[in-house]
Amino acid sequence: MDGATSGKALIASRSAALAAEVDRAFDALLTVPADPRSRLYEAMRHAAIGGGKRLRPLVVQAASDLFNISRESALRVGLAVECIHVYSLIHDDLPAMDDDDLRRGKPTIHKAFDEATAILAGDCLHDLAFQLLADEETHPDPFVRVELVKALAIASGPAGMAGGQMMDLEAERASFDLATVTRLQQLKTGALIAFCVDAAAIMARIPAEGRTSLHGYARDIGLAFQIADDLLDVEGDAAAAGKALGKDEAAGKETFVSLLGVERAREQAQLLVQQAKAHLHAHGARADLLRAIADYIVERDR
């Protein structure tokens, strides 16, 4: 079995098991109450359970492999990141934002329920993320938990994902150059992925100066992920992606593909993957899943 084949097999086995764990955890966390809140919980379950790549929890697990972090701690941090990711998708799909009808192969929350319920479902998943991180079941050290909360707040706020989403809205009204598009995507997509890697180092109490190579890995796979998304938006299959494609071009937004062209964008994504894997040279076989994730990011069809 060659390296590429073994990497795909590793991704397949770990991601399938993790997806099932994530669904079971959300099922337990989002038990529907027998009161007027039931519609809210049903909406949260609709968004959080089933479908999706579960890439962010997988990155948390893979980075945790480097430091022998317990599987339970890695799962809970991965759930917190997935809560933030799903909340962002719910809000991003709203009529005031991207106005999408389909997400993960299912009707978006405002279509399956209504706009008010969708807003509240997103809000509650956002809150659940920090509830998970603050719980001592996630990590016994309160200082670690506080650092996790702070890091995720920064990664998801105006200096991270939400700031990138604002830039994305502005992209419909302004012409962005390559540097600005890169900055947009480092915030919108890259910040949460960077947290997934950093969270493992935080749980392992690795000092900031010892995280340089991990930050380099996260930066490179975050950009490679977005370039791959831009390529899928142009060349992908909507049924496989589980969402509408071609919307960036229709909205007149600059992307890596529109600025670089298809072939240069694909070459740049591959270069970023190679750089990302090079950052892991000191970690040996413990980093095999992180290496496989880097390859998967540019090979996926959704």
Side-chain angles (χ1 to χ4, degrees), residues 1-22 51-67 69 74 78 81-82 85 104 182 185-186 188-201 211-237 240-242 245 255-257 260-302:
M1 182 181 293
D2 62 28
T5 303
S6 62
K8 289 177 181 177
L10 181 60
I11 285 278
S13 63
R14 290 289 294 269
S15 62
L18 180 59
E21 283 186 284
V22 168
K53 297 177 286 294
R54 306 302 192 194
L55 176 66
R56 289 154 189 82
L58 186 63
V59 174
V60 176
Q61 293 274 354
S64 294
D65 286 352
L66 303 181
F67 307 113
I69 302 298
V81 183
E82 193 69 2
H85 178 54
R104 294 178 168 178
T182 300
Q185 300 302 350
Q186 284 174 329
K188 183 180 178 183
T189 303
L192 270 192
I193 292 175
F195 169 81
C196 294
V197 177
D198 206 34
R211 305 176 196 173
T212 303
S213 62
L214 295 178
H215 291 167
Y217 170 86
R219 180 191 63 243
D220 289 341
I221 68 164
L223 284 177
F225 181 93
Q226 189 56 49
I227 294 173
D229 253 17
D230 289 352
L231 287 164
L232 285 172
D233 198 55
V234 173
E235 302 178 321
D237 177 78
L245 300 178
T255 67
F256 288 113
V257 172
L260 295 175
V262 168
E263 288 309 315
R264 281 188 62 202
R266 186 173 287 113
E267 290 170 4
Q268 184 63 31
Q270 291 291 348
L271 176 62
L272 287 165
V273 166
Q274 295 309 311
Q275 287 179 180
K277 291 193 290 187
H279 286 300
L280 303 173
H281 67 89
H283 293 286
R286 291 176 300 173
D288 282 350
L289 183 55
L290 284 174
R291 295 185 187 96
I293 288 170
D295 288 326
Y296 164 77
I297 275 171
V298 295
E299 295 168 354
R300 62 196 166 89
D301 61 1
R302 60 192 178 97

> Where is the tightest heavy-atom contact between G216 and H279, given as atom of each residue plus distance?
Replying inline: C-CD2, 3.3 Å
> Is the shortest heavy-atom distance from the side chain of D233 to the side chain of V257 under 4.5 Å?
Replying inline: no
> Any sub-3.5 Å donor-acceptor pair from D230's side-chain atoms to T255's backbone N or O?
Replying inline: no
> Run the side-chain contact (heavy atoms from CB on, under 4.5 Å) check on E267 and L260 step by step: do they pass?
Replying inline: CA-CA 10 Å; E267 290 170 4; L260 295 175; over 6 Å; no
Tell me which donor-acceptor pairs under 3.5 Å the side chains of residues 280-289 have, and how far apart each pair is, sequence neighbours excluded?
from	atom 1	to	atom 2	distance (Å)
R286	NH1	L66	O	3.0
D288	OD1	R291	NH1	2.9

>> Using every non-hydrogen atom in the two residues, find where A201 and L214 come nearest and quote the distance to one decimal.
In response: CB-CD1, 4.2 Å
> What pairs with E21 under side chain to side chain donor-acceptor pair (under 3.5 Å), at least two apart in sequence or on another chain?
Replying inline: R71
> Which atom names give the shortest non-hydrogen contact between I297 and A224, and what distance separates them?
Replying inline: CG2-C, 3.7 Å
> Quick one: salt bridge (Lys or Arg N to Asp or Glu O under 4.0 Å) partners of R14, sequence neighbours excluded?
Replying inline: D65
> What residues, two or more places apart in sequence or in another chain, satisfy salt bridge (Lys or Arg N to Asp or Glu O under 4.0 Å) together with D198?
Replying inline: R211
> At what distance, to the nearest 0.5 angstrom, does NZ of K277 lie from CG of L290?
Replying inline: 12.0 Å
>> Taking side chain to side chain donor-acceptor pair (under 3.5 Å) as the definition, give me every residue that meets it alongside R219, ordered by chain and number, with sequence neighbours left out.
In response: none
>> Please give me the minimum heavy-atom distance between A74 and V60, naming the atom from each residue.
In response: O-CG1, 3.4 Å
>> According to side-chain contact (heavy atoms from CB on, under 4.5 Å), who are the partners of A218, at least two apart in sequence or on a separate chain?
In response: A194, V197
>> For a 4.5 angstrom cut-off between non-hydrogen side-chain atoms, does Y217 reach I293?
In response: yes
> About how many Å separate CD of E299 and NZ of K8, when rounded to the nearest 0.5 Å?
Replying inline: 5.0 Å
>> If you compare all heavy atoms of G222 against all heavy atoms of I193, which two are closest, and at what distance to 0.1 Å?
In response: CA-CD1, 4.1 Å
> Which residues pass the side-chain contact (heavy atoms from CB on, under 4.5 Å) test with Q275, sequence neighbours left out?
Replying inline: D220, L271, L272
> Listed by chain and number, what are the side-chain contact (heavy atoms from CB on, under 4.5 Å) partners of A269, not counting sequence neighbours?
Replying inline: I227, V298
> With sequence neighbours left out, what residues match R266 under side-chain contact (heavy atoms from CB on, under 4.5 Å)?
Replying inline: L231, E235, V262, E263
>> I need the minimum non-hydrogen distance between A276 and I221, along with the two atoms involved.
In response: CB-CG2, 3.6 Å
